[in-house]
Amino acid sequence: GSRQSRITSFFTKK
Amino acid sequence: MLELRLVQGSLLKKLLEAIKDLVTDANFDCSATGFSLQAMDSSHVALVSLLLRSEAFEHYRCDRNISMGLNLSNMAKVLRCSGPDDIITLKADDGGDSLTFMFESPNQDKIADFEMKLMDIDSEHLGIPDTEYQAIVRMPSAEFARICKDLSGIGDTIAISVTKEGVKFSTRGDIGSANIVCRQNTSVDKPEDATIIEMEEPVTLTFALRYINSFTKATPLSNQVTLSLSSDLPVVVEYKIAEMGYIRFYLAPKIDE
């Protein structure tokens, strides 16, 4: 199986 | 005071059509650089970043940086009231709570204005790191849209795989599986028909197809689309808007467990 990752785990808050 | 006059008003209309189903409410930011937006979908799986540079406008007045919160579905409804060749002017007063859209027909025989109330939207800007991508694919945007639409009839995910052979788009579902391979092709009459693959290393990533399909609503903005891929990183799906700007979609990959 695979899980959907979140964009927020790659790009951080400015 | 904000006053932006866009002769090719249809660009704004196409931009809204490209993002209105992905993002509900968002802030449009206006600065000396241009008119821009960065927003995530409600699940925080995809991020859209768009820019119309100030040079894209015939007249660009933005006295101070301003952030305008708008409901994108309502903004798309307003923009649909403009004609295909209309000139669009956006106007807002400092400290005002509304944005005015003015539509002028090309021969000036019809002028319409629509006022939209601004909203307060909490949004966090994300820093997007500069990345050297393992593979960059440039291809006709209509071809990419067609592939995504075709695959969505078979499965829910899309695997994008770049090797020396070309770029392969695959899916798998209850009825079976599908693979579509596009090879590099630069021997074309028109540059927009070319497929160009720059690969440092082979890479394969898997994504939810419904997001990629949603991104292809930007197809009318550009003849070419660029896919930038690196292992375990979000893909970038970019549509360049001539010399005037871009719309980029970032999509987080599915990760094997």
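Basis for what follows: all heavy atoms, side chains included, without hydrogens, waters or symmetry-related copies. Because the structure is predicted, anything quoted here is derived from the model rather than measured.
- Within the 3.5 Å criterion, the main-chain N or O of Thr12(A) finds no donor-acceptor partner in the side chain of Glu124(B).
- When side chains are defined from C-beta on, Ser2(A) counts as touching Asp256(B), because their heavy atoms get closer than 4.5 Å.
- Within 6.0 Å of CG on Asp120(B) lie no more than 12 heavy atoms contributed by other residues, nucleotides or ligands.
- Counting heavy atoms of neighbouring residues, nucleotides and ligands inside a 6.0 Å radius, atom CZ of Arg53(B) exceeds 12 of them.
- Within a 6.0 Å radius of CG in Asn179(B), more than 12 heavy atoms belonging to other residues, nucleotides or ligands are found.
- Between Ala252(B) and Gln4(A) the shortest heavy-atom distance is O-NE2, 2.9 Å.
- Asp232(B) touches chain A through its backbone: at least one of N, CA, C or O sits under 4.5 Å from a heavy atom, while the side chain does not.
- Heavy atoms only, all atoms of each residue included: Ser5(A) and Val45(B) are closest at O-CG2, 4.0 Å.
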Sequence neighbours left out, cut at 3.5 Å: what donor-acceptor pairs do the side chains of residues 15-23 of chain B make with other protein atoms?
| from | atom 1 | to | atom 2 | distance (Å) |
| --- | --- | --- | --- | --- |
| Glu17(B) | OE2 | Arg80(B) | NE | 3.0 |
| Glu17(B) | OE2 | Arg80(B) | NH2 | 3.4 |
| Asp21(B) | OD2 | Lys217(B) | NZ | 2.8 |

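- Remark: Asp94(B) CG is packed, more than 12 non-hydrogen atoms of other residues, nucleotides or ligands lying under 6.0 Å away.
- In this structure, no portion of Thr206(B) lies under 4.5 Å from any heavy atom of chain A.
- The distance from atom NE2 of His125(B) to atom NZ of Lys13(A), rounded to the nearest 0.5 Å, is 13.5 Å.
- The side-chain heavy atoms of Pro234(B) and Ile7(A), taken from C-beta on, include a pair separated by under 4.5 Å.
- By the salt bridge (charged side-chain N to carboxylate O under 4.0 Å, His left out) test, Asp97(B) is found to be paired with no residue, residues two or more places apart in sequence or in another chain being considered.
- The two residues Gly127(B) and Phe11(A) have their closest heavy-atom pair at O-CB, 3.5 Å.
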